[in-house]
Amino acid sequence: GFLGPEGLAAEEPAKSLAELVELQLKSNEEWPFLNRNSAGIKIKDSVVYQSDLIQIKGADKYMEAGNSFRAQLLDDVSDASFEIIKVSQLSPEEVSVRFNISWVPPSAKGFGP
């Protein structure tokens with residue numbers, strides 16, 4: 001997914017927005033959503049989260065979606081793991097985040113090594 005346009009702002013000028021986003025995501029168990037307490041990053045009301053499946057507009061809806069997605073996923077598959085693959089800065093206020101979420105489906109548990 002990606003965040004933008006003009007949806008984020010780096011509050012710490014020594015680092016790029018992409019660096020700040022990557023640090024925050026990796027410090028949050030690599031969950032691919034920022035939270036309101038993300039140091040050095042302001043989530044603006046104009047934030048847009050875009051993926052192949054969904055588009056979310058607005059800071060409140062972005063926060064609600066991130067919390068809801070995580071709760072639902074962890075309720076359904078408690079062994080889910082998250083990996084931030086790459087964070088790229090597309091413009092001064094826009095980043096692209098490539099991530100992977102993986103788990104073993106309950107029907108496949110017990111198979112394999």
Side-chain angles (χ1 to χ4, degrees):
F2 76 90
L3 299 172
E6 301 178 4
L8 301 172
E11 294 178 338
E12 191 177 318
K15 295 188 184 207
S16 72
L17 180 58
E19 290 171 319
L20 289 171
V21 167
E22 184 170 8
L23 285 170
Q24 288 302 310
L25 296 177
K26 288 190 173 194
S27 72
N28 191 24
E29 299 175 345
E30 301 208 20
W31 177 245
F33 281 83
L34 296 168
N35 59 51
R36 290 224 189 259
N37 299 322
S38 295
I41 301 170
K42 179 180 179 186
I43 300 173
K44 296 181 177 182
D45 287 333
S46 58
V47 70
V48 176
Y49 174 86
Q50 176 85 39
S51 75
D52 292 341
L53 304 174
I54 192 168
Q55 183 182 66
I56 301 165
K57 294 182 179 182
D60 289 339
K61 288 185 179 184
Y62 170 80
M63 300 306 301
E64 289 171 18
N67 293 333
S68 175
F69 292 162
R70 186 175 190 147
Q72 182 66 45
L73 180 63
L74 293 177
D75 280 350
D76 291 345
V77 285
S78 60
D79 65 341
S81 64
F82 316 103
E83 177 186 15
I84 302 301
I85 297 167
K86 184 177 182 179
V87 178
S88 303
Q89 191 155 341
L90 306 176
S91 73
E93 296 183 334
E94 184 176 12
V95 295
S96 172
V97 178
R98 289 187 54 219
F99 61 91
N100 186 43
I101 300 175
S102 58
W103 66 91
V104 176
S107 60
K109 292 192 188 240
F111 292 102

Practice task
Please tell me if the side chains of I56 and V48 come closer than 4.5 Å, counting only heavy atoms from C-beta onward.
Solution key: no
Problem - Side chains of W31 and L73 in contact at under 4.5 Å (non-hydrogen atoms) - result: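 Of all side-chain heavy-atom pairs linking L73 with W31, at least one is under 4.5 Å.
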Exercise for the section: Check whether I85 and L17 end up in the same hydrophobic cluster, where Ile, Leu, Val, Met, Phe, Trp and Tyr are linked by side-chain heavy atoms less than 4.5 Å apart. Expected result: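 In one cluster with I85: L17, no.
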Handout entry: Verify same cluster id: L23, I84 (apolar side-chain graph, 4.5 Å)
Key =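 As far as the 4.5 Å side-chain criterion goes, I84 and L23 are not connected within one cluster.
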Problem - Electrostatic pair R70:E29 at N-O distance under 4.0 angstrom - result: yes
Practice task
Decide whether N28 and Q24 meet the rule of one side-chain donor and one side-chain acceptor closer than 3.5 Å.
Solution key: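 Judged by distance alone, the side chains do not pair up.
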Practice task
Using distance alone, with no hydrogens and no angle criterion, decide if S81 and S102 have a side-chain donor and acceptor under 3.5 Å apart.
Solution key: yes
Nearest-0.5 Å distance, [atom1] of residue [X] to [atom2] of residue [Y]:
| X | Y | atom1 | atom2 | answer |
| --- | --- | --- | --- | --- |
| E22 | S27 | CD | OG | 11.0 Å |
| Q50 | L53 | CD | CG | 10.0 Å |
| E94 | S88 | CD | OG | 11.0 Å |
| F33 | F99 | CZ | CZ | 6.5 Å |

Exercise for the section: Would you check if the side chain of Q89 reaches a backbone N or O of S91 as a donor-acceptor pair within less than 3.5 Å? Expected result: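 Answer holds: yes.
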Problem - Donor-acceptor contact below 3.5 Å, side chain Q72 vs main chain F69 - result: no
Exercise for the section: Measure the acute angle between the ring planes of Y62 and Y49, then classify it against the limits of 30° and 60° as parallel, tilted or perpendicular. Expected result: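 Because their plane-to-plane angle lies in the 30° to 60° range, the rings of Y62 and Y49 count as tilted.
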Exercise for the section: Assess whether side chain to side chain contact (heavy atoms under 4.5 Å, CB included) is satisfied between I41 and L34, documenting all intermediate values. Expected result: CA-CA 9 Å; I41 301 170; L34 296 168; 4.1 Å; yes
Handout entry: Closest contact, heavy atoms only, N35 versus I43
Key =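 Closest pair (atom of N35, atom of I43, distance): O-CD1, 3.7 Å.
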Practice task
Step by step, work out the salt bridge (charged side-chain N to carboxylate O under 4.0 Å, His left out) result for E93 and K44.
Solution key: CA-CA 10 Å; E93 296 183 334; K44 296 181 177 182; 2.7 Å; yes
